[in-house]
Visitor: 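Can you keep this structure in mind? I'll have questions shortly.
This one's a predicted model, so the numbers in the text were calculated from it and none came from an experiment. Lettering of chains follows the sequences in order, A, B, ..., and the numbering in each one begins at 1.
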Amino acid sequence: MSKLLENLNAEQLAAVTLPPQAALILAGAGSGKTRVLTTRIAWLLQTGQTSPASLLAVTFTNKAAKEMLLRLGAMLPINTRGMWIGTFHGLCNRMLRAHYREAGLPQTFQILDTSDQLAAIKRLLKAMNVDDEKFPPRELQHFINGNKEAGYRPPNVEAWDDYTRQRVGLYAEYDAQCQREGVCDFPELMLRCYELLERNEPIRRHYQARFRHILVDEFQDTNRLQYLWLKMLAAHGSETPAAVFAVGDDDQSIYGFRGAEVGNMRDFEGEFKVAAVIRLEQNYRSHGNILDAANAIIANNSKRLGKNLWTDQGSGEPIRVYQAASDLDEARWIVEEIQQLVRDGASRSDIALLYRSNAQSRVLEHQLFSSGVAYKVYGGLRFFERQEIKHALAYLRLLANPDDDTAFLRVVNFPTRGIGARSLEQLQDAARSFNTSLYATVPHLSGKPGVAIGGFVRMVEEMRHVTSELPLYEIVDHILDTSGLRAHYKADREGQERLENLDELVSAARYFMNEADQPVAEGEEALPGDPLSRFLSHASLEAGDHQAEAGQDAIQLMTVHAAKGLEFDAVFITGVEEGLFPHEQSMNDLASLEEERRLMYVAVTRARQRLYLTLAQSRMLHGQTRYAMKSRFFDEIPEALLKWLTPRVQAWSAPSRFGGGQNAAPPYQNESVLAASHRSPPQKSRDLDGLRIGQLVRHARFGEGVIVAAQGSGEDAKVQINFGADVGMKLLMLSMAKLEPV
DNA sequence: ACGTTACCGGTTTTT
DNA sequence: CCGGTAACGT
C-alpha cells in the first residue's frame with residue numbers, strides 16, 4: 001500500500017485517502033488529476049474498503065476511460081474487465097441493455113449518432129409535411145437535445161410562445177418515431193437511463209446499494225442531466241448515500257456551448273455537503289513563466305472557485321510573441337521556427353500548433369507541406385463515421401433490428417437496385433397509415449414497388465438466416481459480399497481506400513470479439529446483449545480514433561478544444577487576435593468571453609517548456625482579407641513575461657503598393673532568436689511616419705484602429721482606418737490626424 | 001439514377 | 001475561399 005502512495009504530494013495524498021464522503025477535488029492543469037483519480041480507486045480496493053463491483057467511475061471520453069483502466073491495471077494485479085468504468089453514455093447503454101424491458105426498449109435497440117439523428121429528424125419533418133425553412137432540422141435537433149440534456153420531456157418544456165409550442169410538438173413526434181423504430185439518440189441514452197432509475201424502485205435500489213463509491217472525472221463538463229443522474233445513482237438524500245468523488249477544474253470548463261454547466265460544481269459542493277474542497281495546485285508540467293501567464297489570464301474571470309498554479313521548476317524561458325503581417329507570413333515564420341527547433345533536437349511530436357477554429361489549419365498545413373515538415377491534423381472524419389462503414393453498419397443494424405428505418409433508408413438502394421424515390425414515398429405513406437416500420441410494411445406493398453423493395457427485404461432475410469450461427473466477424477464479412485458493397489467499391493476506380501476500410505471493419509469485428517469483448521470469466525459480470533448489438537453499440541459510442549495514424553514523428557495540429565488534456569514541450573498558439581481568439585461571436589457577452597478566456601488558459605497550460613503566441617495583422621477569412629487587432633489576452637499577461645520577436649516595425653511602404661491591391665501586405669523585418677530568416681527588402685520603400693497597412697494605431701478621439709488602406713502621398717496622403725464596431729471606418733488625412741502606432 | 005450547377009453559410013465537439 | 005446541400009437537368 002505504501003508503494004501506491006509514494007511520491008504523492010500532500011494534497012494528492014489527502015485526496016486519495018479521503019474517508020468515504022462527498023469530495024470535490026479542484027485539480028488544476030497538469031496537477032496530476034488522472035493520477036489522483038486512479039490512485040484513489042487503487043487505494044480503495046487495496047485497503048479492502050471496497051470491491052471492484054461496488055465502484056463506478058465515469059468519464060466523458062472513451063480515451064479517458066481507457067487510460068484509467070490501463071493505469072489501474074498497472075497499479076493493481078486485478079482484472080479490470082467487468083468493472084463499471086466508462087463514459088456516461090457507455091454506462092447508461094450498459095444499464096439500458098441489462099434492463100431493456102423495464103426501460104421500454106427492444107432488446108436490440110440501436111444507437112443513433114448525431115448524423116443519424118439529423119437524418120431521422122429530416123425524415124420526420126418530411127413525413128409530417130412540415131416546412132423545414134420554418135423549422136430548420138439542425139435547430140430542431142439542438143432544441144431536442146438541449147431539452148433532453150436538461151432532463152425535460154416534451155410535457156416538461158416551458159413553452160410560452162407559439163413557435164416553441166410547435167417545436168415541442170415536433171419533439172414529441174420525434175420521440176414517438178424513435179420509440180417506434182427502437183432507436184435511441186445520445187441524450188436519450190442518458191435520459192432513458194435516468195428515468196429507469198427514477199421510476200423503477202427495485203432497479204434503483206439495486207444500483208444504489210451496489211455502488212458505494214462513485215468517481216467522476218472532468219466534473220466541470222457535466223450537463224444538468226448527468227448531474228441529476230449522478231445524484232440519483234448516489235442515492236443522494238438517503239440514509240446511505242454513496243461517496244461521490246468528483247474531480248474537475250472550473251477554469252478548464254470549455255464546453256458550455258454544448259450544455260456543460262460549470263455551476264454543477266458549486267451545486268455539488270452545496271447539495272452533497274462537501275466537507276473540504278481539496279485543491280491540487282502544484283503543476284508538474286510547465287515552467288514558471290508559462291504558469292504565471294496562465295494565472296494572470298484566468299484571474300480576469302469572475303465566479304471562479306479559486307486556484308493558483310505553481311511549480312518548483314523555475315521560470316524557464318519567456319513567452320515568445322510574433323506578430324506577422326499576414327496569416328501566410330505567420331505560417332511561414334512558424335514553420336521556420338519549427339525547423340529550427342527540430343534542428344536543435346526537438347522531436348516533432350512534442351511540438352503542437354494550436355488554433356481557435358479549424359479554418360485556420362489550412363494555411364499552416366499548406367506551409368508545413370510545402371516545406372516538407374511531417375505533420376498530423378487531429379479532428380477529421382473518424383473510422384466509424386466514414387460513408388462506407390456507415391453503409392455496412394446499416395446492414396448489420398437491419399439484421400439486429402429491422403424496424404430501424406434510418407438504417408433501412410440508408411441502404412435500401414445502396415448499392416443501387418432500382419428503388420427510386422417514388423417507390424420509397426409510397427412505402428413511407430403506407431408505413432404511416434399502418435403505423436409500422438418500413439421493413440414491416442413492405443409485404444403490404446403492392447405493384448412494382450412491392451416487388452423491388454420486396455427483393456431487398458428478402459435479401460436481408462436471407463442474410464439473417466445464413467449468418468444466424470456465424471461468429472461476428474464472419475457476419476460482417478458475409479454482409480459485405482451479399483449486400484454488394486464490396487462489388488460496388490471494387491467497380492469504382494476511386495473505391496480502393498473504401499474497400500480497405502471495409503476489410504478493416506472485419507478486422508475491427510474480429511478484434512472486438514477477441515479483445516474488447518472477451519467471453520466473461522468465472523465470477524465476472526457478463527455484458528448484456530448479443531455480440532452483434534454490442535458491436536454496433538461500440539461503433540456508435542466509440543466512433544474510433546480521430547484519424548491520428550500513429551507512428552510517424554510529426555507536428556501536432558489541432559484546435560485548442562482538442563488539445564485539452566494533452567501536453568507538449570513547445571506550443572504555438574496561433575491567431576491570437578481580437579475576433580478570432582476571443583472569437584467574435586463570443587466577445588460580446590461576459591459568460592462566453594469568460595469561456596474564451598478559459599480556452600486561452602487551457603491553451604497556455606499545454607506547454608511544458610516553450611510557448612509561442614502568434615498573430616497576423618491581416619488574414620484571409622471567408623474569401624476576404626480581414627484586419628485584426630491583437631487579442632485582449634495579451635493585455636492580461638504581464639509584459640515582463642513576453643518577448644516580442646517582431647521588431648518595432650519600420651514602415652517600408654511604397655506609395656504605389658500602399659493603396660492596396662495584390663501586394664498590399666507590407667514587407668517586414670524578421671528577427672528571431674532562434675530562426676533568423678532573411679527576407680529581401682522591397683525595392684521601393686518609404687517611411688510613412690512608421691505606419692503601414694494592417695498597423696494598429698491610436699487616435700486621440702477615435703481610439704484604437706487598424707489601417708486598412710491608404711491613398712495619395714505626401715501632403716495629400718490619406719489613410720482609411722477601421723476603428724471597430726462603435727466608431728466604424730474613417731478616412732483621415734495623414735498630415736492632420738495624430739496617429740500613434742500601438 | 002446520377003451528374004451538374006447554384007447557392008448558402010461559415011466557433012469550439014463528445015457521446 | 002471552400003465545402004456541403006438542394007434543386008435541376010439529362
Visitor: Over all strands shown, is A:Thr114 touching base, sugar-phosphate only, or nothing at heavy-atom distances under 4.0 angstrom?
Guide: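 Here A:Thr114 touches the bases of the nucleic acid.
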Visitor: Going by the angle between their ring planes, with limits at 30° and 60°, are A:Phe186 and A:His89 parallel, tilted or perpendicular?
Guide: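 A:Phe186 vs A:His89 ring planes: perpendicular.
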Visitor: Hey, is the side chain of A:Thr559 poking within less than 4.0 Å of OP1 or OP2 on B:dT13, counting only N and O atoms?
Guide: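 A:Thr559 to B:dT13 OP1/OP2: side-chain N or O found under 4.0 Å.
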Visitor: Between which nucleotides of DNA chain C, read 5' to 3', does contact with chain A run, using atoms under 4.0 Å from its heavy atoms?
Guide: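 Range of nucleotides touched by chain A: C:dC1 to C:dC2.
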Visitor: Would you call the rings of A:Phe384 and A:Phe535 parallel, tilted or perpendicular if under 30° counts as parallel and over 60° as perpendicular?
Guide: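 A:Phe384 and A:Phe535: perpendicular rings.
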Visitor: B:dT11 and C:dA6: how far apart are their C1' atoms, nearest whole angstrom?
Guide: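 After rounding to an integer number of Å, I get 25 Å for this pair.
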Visitor: Which is true for A:Ile419 with a 4.0 Å heavy-atom rule: it touches a base, it touches only sugar-phosphate, or it touches nothing?
Guide: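 Since only primed, P, OP1 and OP2 atoms lie under 4.0 Å of A:Ile419, the category is sugar-phosphate.
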Visitor: So, A:Tyr100 versus A:Phe109, ring centres under 6.0 angstrom or not?
Guide: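 No.
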Visitor: Does a salt bridge link A:Arg356 with A:Glu596, judged by any charged N lying under 4.0 Å from a carboxylate O?
Guide: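 So A:Arg356 pairs with A:Glu596 through a salt bridge.
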Visitor: Taking the P atom in each of B:dT13 and C:dG4, what is the distance between them to the nearest angstrom?
Guide: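 So the two P atoms sit 16 Å from each other.
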Visitor: Taking the inter-plane angle between the rings of A:Phe414 and A:Tyr489 on a 0 to 90° scale, is it parallel (under 30°), tilted (30 to 60°) or perpendicular (over 60°)?
Guide: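 Ring orientation of A:Phe414 relative to A:Tyr489: tilted.
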Visitor: Salt-bridge test for A:Lys303 and A:Glu594: reply yes if a basic N is under 4.0 Å from a carboxylate O, no otherwise.
Guide: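 Salt bridge between A:Lys303 and A:Glu594, a charged N being under 4.0 Å from a carboxylate O: no.
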Visitor: What pairs of nitrogen or oxygen atoms, one from the protein and one from nucleotides 9-11 of chain B, lie under 3.5 Å apart?
Guide:
{"from": "B:dG10", "atom 1": "N3", "to": "A:His622", "atom 2": "ND1", "distance (Å)": "3.2"}
{"from": "B:dT11", "atom 1": "O4'", "to": "A:His583", "atom 2": "NE2", "distance (Å)": "3.3"}
{"from": "B:dT11", "atom 1": "O4", "to": "A:Ser586", "atom 2": "OG", "distance (Å)": "3.4"}

Visitor: Answer yes if the ring centres of A:Phe257 and A:His561 are under 6.0 angstrom apart, and no otherwise.
Guide: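 Yes, close enough.
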Visitor: Could you report the tightest heavy-atom contact between A:Leu615 and A:Val576, atom names first, then the distance?
Guide: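 That closest heavy-atom pairing would be CB-O, 3.6 Å.
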